[in-house]
Amino acid sequence: MKVEEGFKSSTFSVPEDGSVLPLMEEFYTIQGEGYNTGKAAYFIRLGGCDVGCHWCDVKESWDAEVHPLTSIEKIVEKVSQLPAKSVVVTGGEPLLYNLDKLTSSLKEIGVETFIETSAAYPLSGNWDWICISPKKFKMPRPEILKVAGELKVIIFNKSDFDWAEEHAEMVGKNTKLYLQPEWSKKDEMTPLIIDYVMNNPKWEISLQTHKYMNIP
Ligand code: SF4
């Protein structure tokens with residue numbers, strides 16, 4: 001699949017075939033949030049994001065140029081040395097890049113492929129699970145909303161409930177719906193989310209359990 005709008009600057013560009021990707025960090029841990037909470041998963045965090053969430057907790061991912069371009073072979077080789085059966089590709093915004101090669105190589109070694117994305121860029125890659133966390137600053141693409149396994153809306157203030165409902169109208173009929181308190185506002189927002197979910201049970205609560213467990 002051709003990526004329409006990959007990351008490019010005058011000094012740095014990621015090849016459109018996705019054979020190398022700007023790798024910010026990779027680690028084996030437990031998926032802490034959303035549908036796959038509690039599963040052991042290898043995280044691949046790609047650098048580069050222009051979505052600009054003011055509450056972003058990985059701002060150091062934004063500049064793709066500071067993260068080394070790393071070959072798919074090298075990334076997949078590391079995964080293959082671990083007992084990991086699931087890989088979460090996250091960012092930054094991973095859909096800035098063509099992820100076809102990465103996911104096909106991961107599937108060749110028998111791991112499930114999960115992505116965490118704002119869905120602001122065209123979909124590439126072969127995914128077992130797509131988690132969309134939509135952002136107000138760059139809207140998600142409707143065609144990706146339709147195929148998402150999970151819509152995870154971060155609740156930063158009360159108006160985000162209405163915003164969550166607007167996006168729930170756009171997903172497929174089997175898409176799981178989650179509300180997750182933004183970490184710095186969790187004491188204020190979690191009680192509101194509890195009430196909201198009890199009154200609107202199509203939604204479920206997602207918590208960042210990895211932060212409670214002090215794991216990455
Ligand atoms: S989309 Fe994700 S990485 Fe990008 S600014 Fe928002 S929270 Fe941060």
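Sequence positions, counted from 1, serve as the residue numbers for this chain. We count ligands from 1, going down the list as the structure has it; atoms in each ligand are counted the same way.
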Taking salt bridge (Lys or Arg N to Asp or Glu O under 4.0 Å) as the test, write out the residues that go with K146, two or more places apart.
-> none

Pairs under 3.5 angstrom only: tabulate donor-acceptor contacts from the side chains of residues 209-216 to other protein residues two or more places apart or in another chain.
{"from": "T209", "atom 1": "OG1", "to": "G32", "atom 2": "O", "distance (Å)": "2.6"}
{"from": "K211", "atom 1": "NZ", "to": "D57", "atom 2": "OD2", "distance (Å)": "2.8"}

In terms of the angle between their ring planes, are H54 and F137 parallel, tilted or perpendicular, with boundaries placed at 30° and 60°?
-> perpendicular

Do other residues, nucleotides or ligands put more than 12 heavy atoms under 6.0 Å from K59 NZ?
-> yes

Enumerate, atom names and distances included, each donor-acceptor pair closer than 3.5 Å involving a side-chain atom of residues 153-160, sequence neighbours excluded.
{"from": "N157", "atom 1": "OD1", "to": "S159", "atom 2": "N", "distance (Å)": "3.2"}
{"from": "N157", "atom 1": "OD1", "to": "S159", "atom 2": "OG", "distance (Å)": "2.7"}
{"from": "D160", "atom 1": "OD1", "to": "K136", "atom 2": "NZ", "distance (Å)": "2.4"}
{"from": "D160", "atom 1": "OD2", "to": "F156", "atom 2": "N", "distance (Å)": "2.6"}
{"from": "D160", "atom 1": "OD2", "to": "N157", "atom 2": "N", "distance (Å)": "2.9"}

Interatomic distance, D63 atom CG to D50 atom CG [nearest 0.5 angstrom] | 11.5 Å

Within less than 2.8 Å of atom 4 (Fe) of ligand 1, how many protein N/O/S atoms are there?
-> 1

